[in-house]
**Q** 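Can you keep this structure in mind? I'll have questions shortly.
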Amino acid sequence: MEIREDMKILLMGNPNVGKSVVFNRLTGARVVTANYAGTTVEYTKGTMFYAGNHLEIIDVPGTYSLEPTCKAEEVAVEMLSSGDLIINVADATNLERNLHFTMELMRQGKPMILVLNLWDEARHKGIHIDVAALEKLLQIPVITTVAVTAEGIKELISRLPEAVVPSPPNGQVNGDLWREVGKIIKQIQRITHRHHTWLERLEDISIKPRSGLPLAAVVIFLTFAVIRFVGENLINYVFNPFFENLYRPFIYHTVSYAFPSGVIHDLLLGTTPDFIESLGLLTTGIYVPIAMVLPYIFSFYLVLGFVEDFGYLPRFAILMDTFMHKLGLHGFAIMPMILGLGCNVPGAMATRILESRREKFIAGTLMAIAVPCMAQTAMIIGLVGPYGLVYVAMIYGNLAVVAIVIGSIMNALIPGYSPELFLEIPSYHLPHFGTLMKKLWMRIRGFLAEAIPLVLIGVLLVNILFLSGIIDLFSNFSAPVIVKIMGLPKEAVSSLIIGFLRKDVAVGMLEPLNMTIKQLIIACTVLSIYFPCIATFAVLIKELGVKAMLKASLIMVGTAIAVGGLLNLLLPNFS
Amino acid sequence: MTLTELESGKQARVIAFNGGPNMIKRLENLGLLRGKTIKKVSNNPFKGPVVVKIDQIELAIGHRMASRITVEPI
């Protein structure tokens, strides 16, 4: 077919075959990729230049069939009608299942190209595919690629004009299609025996519960140890020295020169020299996101990226399945929680991989309540850590207990049942270094672009609230709950208000209140539970609907008050 | 016997699915078809999921779903 300006090209195929990697190669754009089904839950658009034409490339969420079984798959099927050309990306190591989807696509009457990705992997696994024969049978171009190293991408681009509308395969019902696929596979695929690699042995060890559970404990411990080690050392040896020795003298001189005193001086630098307490735009507003949070964002996504691309997470989800059923979820619902540990926004988006509304509601609510994002975690470690890591652990222990209790209650009270886990377990891959670094950079850039403006707005808002005296009004109004029930100073309400915008700034605002360690633990726990930040809230409204989100919000506020009150009653006065 | 009863490490042929069209659709979409030969990889305790290998892929199947799949050991 002729390649025209503004043509829409859809990348479609089964989950976890590497569509997003191909997308990144074709457009030079960057979308997050990982080694498990359901990384892409929303379509992404990008532009590619071809012989002077702008082509729109659309990375469609993976789907096993054109009859969708979850929201991410619905998105895929809805996209189909708008496409002018389909690049069907298939996993060469699992051709039979992938070809079934190819056959479904061939009924759609759109020009197609078939890409057999993971070609190197297929070779390693002893899978031989006769590409020329497959081209002849399907009558569409078939190209082999290794998208992570860009192998075959040039050929894919140069052969775009060869895309043709295939003649639809025989058979109307599903069973016929599988038989057709079986016939093709017999003609073009040959599998030779070879020895198991150490990665495959590791796959076995991590999936069998007897060895998998101890391994999971080791992985969790190592993950947190590495995150903390990298984060803390970055802060102590890179960010803090920079901020204290270079940044501080620089901004104090510059601002004091331009505004020796007055409102603007105070707004920019605050009224105390402490970077966290001062609440100046250039002090707290820059120090909190860059010097306190960014090092942990970096270390978290460094580790997460590795674990994601390696392919470990689905195996962890399987081991967690029995436990998650107690909360009305299945094992794969651990994915939004893990992503939420970085930032609740992608966590909320990831609830789309879940099948039922009930499950999405429980998962979204639990994540908002009990999963603090890395920005909040970094601040908690920074603020509570100096008193002893045991107190940090206590906050997370509280949240874990809350998750279990609230999850069990929701599971008992909300009608319906938890759907069954059913997923494909990806092979382990050694992560590709360049891909890892690009993904890490993309996530850090995302953090900087979204967090810094909100932090600055938050700091500005605090100043306005204090200067205008509105904060006193709030303090007095909420004193019965905050002081009487939770045992916190009434000024803590300002932190709860700012928590709507940014949880990191909110935790930082607890510092000048001179609270006891007991009060700090209560405040940090409540700050996590009572409400998600505005960005997460917006995504949850979109995913759950206004009515369900209203219910979820009531659960959050109710839980926060109950937990704050209980902790106040039960915790001793550590001294 | 059902897939949950099959011993880990044993091979079997898939005979029948005792479920609605939705369940069958989900199973078939991922390549679990009647007549296929599978190998059971593991069984998680406390009614946890069953892991099976079909051709080149591994699938995890929730316990209740697995208990509705009839297989014949070979």
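Lettering of chains follows the sequences in order, A, B, ..., and the numbering in each one begins at 1.
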**Q** Applying salt bridge (charged side-chain N to carboxylate O under 4.0 Å, His left out) to Arg26(B) and Glu355(A), what does each step give before you reach the verdict?
**A** CA-CA 11 Å; Arg26(B) 278 183 79 195; Glu355(A) 293 83 3; 3.2 Å; yes
**Q** Under the side-chain contact (heavy atoms from CB on, under 4.5 Å) rule, what do Glu96(A) and Ile57(B) come out as? Steps first, then yes or no, please.
**A** CA-CA 11 Å; Glu96(A) 182 164 7; Ile57(B) 53 169; over 6 Å; no
**Q** Specify which of Ile191(A), Thr93(A), Thr63(A), Ile207(A) makes the most heavy-atom pairs with chain B at under 4.5 Å.
**A** Ile207(A)
**Q** Can you tell me how far CD of Glu424(A) sits from CG of Asn29(B), rounded to the nearest 0.5 angstrom?
**A**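 Rounded to the nearest 0.5 Å, the CG-CD separation comes out at 11.5 Å.
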**Q** Hey, which residues of residues 61-74 of chain B are touching chain A, say heavy atoms under 4.5 Å apart?
**A**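 So far as heavy atoms go, Ile61(B), Gly62(B), His63(B), Arg64(B), Met65(B) are the residues that approach chain A to under 4.5 Å.
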**Q** Heavy-atom distance under 4.5 Å to chain B: side chain of Leu95(A), backbone, both or neither?
**A** neither
**Q** If we define contacts as heavy-atom pairs under 4.5 Å, which of Phe101(A), Phe422(A), Tyr64(A) has the most with chain B?
**A**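 Top count of heavy-atom pairs under 4.5 Å with chain B: Phe422(A).
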**Q** With sequence neighbours excluded, tell me which residues meet side-chain hydrogen bond (donor to acceptor under 3.5 Å, both in side chains) with Glu200(A).
**A**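 In terms of side-chain hydrogen bond (donor to acceptor under 3.5 Å, both in side chains), with neighbours along the sequence ignored, Glu200(A) is linked to Arg194(A), Thr197(A).
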**Q** Using a cut-off of 6.0 Å, state whether more than 12 heavy atoms not belonging to Lys39(B) lie near its atom NZ.
**A** no
**Q** Can you check whether anything in residues 42-54 of chain B gets within less than 4.5 Å of chain A, heavy-atom wise, and list it by number?
**A** Ser42(B), Asn43(B), Asn44(B), Pro45(B), Phe46(B), Lys47(B), Gly48(B), Pro49(B), Val51(B)
**Q** Between Asp91(A) and chain B, which part of the residue has a heavy atom less than 4.5 Å away: side chain, backbone, both or neither?
**A**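 Neither part.
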**Q** Sort out for me which of Arg34(B), Lys36(B), Met23(B) touches chain A most, counting heavy-atom pairs under 4.5 Å.
**A** Lys36(B)
**Q** With rounding to the nearest 0.5 Å, note down the distance linking CD1 in Ile425(A) to CG in Leu59(B).
**A** 7.0 Å
**Q** Considering non-hydrogen atoms only, spot the tightest contact between Leu30(B) and Arg97(A) and give its length.
**A** O-NH1, 3.2 Å
**Q** Once rounded to the nearest 0.5 Å, what's the spacing between atom CD of Glu67(A) and atom NZ of Lys25(B)?
**A**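 Atom-to-atom, Glu67(A):CD and Lys25(B):NZ are 3.5 Å apart.
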**Q** Could you pull out all residues at least two apart from Ser206(A) that satisfy side-chain hydrogen bond (donor to acceptor under 3.5 Å, both in side chains)?
**A**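 Partners of Ser206(A) by the side-chain hydrogen bond (donor to acceptor under 3.5 Å, both in side chains) criterion, ordered by chain and then number, come out as Tyr428(A).
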